Undergrad: 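Right, I'll just put the structure down here and ask away after.
Only this structure's heavy atoms are used, side chains among them; waters, hydrogens and symmetry mates stay out. Note that the coordinates shown come from a computational prediction; the quantities given were computed from them, not determined experimentally.
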Amino acid sequence: MKTRMRMSAAVNTAIVFFMTTANAFAASTSKVFVSKLGIFIFLGFCALVLVVQLIPAMMTLYGMLKGLGKEQEKSPSRVKSH
């Protein structure tokens, strides 16, 4: 009997809690912001920054691969013993 009363009290508490919450009023979405030229300039600047950062990375990668090829040429594949 006690558990049934506790369950009923918990349900009533939940109902009262959900009934007392305030309504949420969303903002109006009828206004559309259009920034044609500004967004293209910003995206172009971002692309420029990305390309400028890729150039040294590609040069470093090329140098590493070139150095790796030279190391393999210098090291003898087998040692001759006489």
Side-chain angles (χ1 to χ4, degrees):
M1 188 70 175
K2 275 188 172 183
T3 57
R4 187 173 184 168
M5 289 179 63
R6 286 184 185 170
M7 186 67 124
S8 169
V11 169
N12 287 338
T13 303
I15 289 172
V16 169
F17 175 74
F18 285 119
M19 289 178 68
T20 58
T21 56
N23 293 333
F25 296 106
S28 174
T29 59
S30 63
K31 191 172 185 180
V32 177
F33 295 101
V34 178
S35 57
K36 295 177 183 175
L37 184 62
I39 194 70
F40 285 120
I41 290 172
F42 177 71
L43 290 176
F45 179 73
C46 291
L48 181 67
V49 168
L50 185 68
V51 168
V52 167
Q53 288 182 350
L54 280 177
I55 291 171
M58 295 302 286
M59 292 174 64
T60 303
L61 181 65
Y62 176 72
M64 288 173 53
L65 292 175
K66 190 176 176 182
L68 184 65
K70 285 185 179 179
E71 288 293 324
Q72 288 181 352
E73 288 178 3
K74 289 182 180 176
S75 64
S77 60
R78 57 182 172 173
V79 177
K80 292 181 180 178
S81 61
H82 290 276

Undergrad: Less than 3.5 Å apart, which donor and acceptor atoms pair up between the side chains of residues 12-19 and the rest of the protein, not counting sequence neighbours?
TA:
unit_1 : atom_1 : unit_2 : atom_2 : d
N12    : ND2    : S8     : O      : 3.3
T13    : OG1    : A9     : O      : 2.7

Undergrad: Kindly compute the distance separating CD1 (I55) from CG (L50), expressed to the nearest 0.5 Å.
TA: 10.5 Å
Undergrad: Going by the rule side-chain contact (heavy atoms from CB on, under 4.5 Å), which residues pair with K66 if we only count those two or more places apart in sequence or in a different chain?
TA: Y62, K70
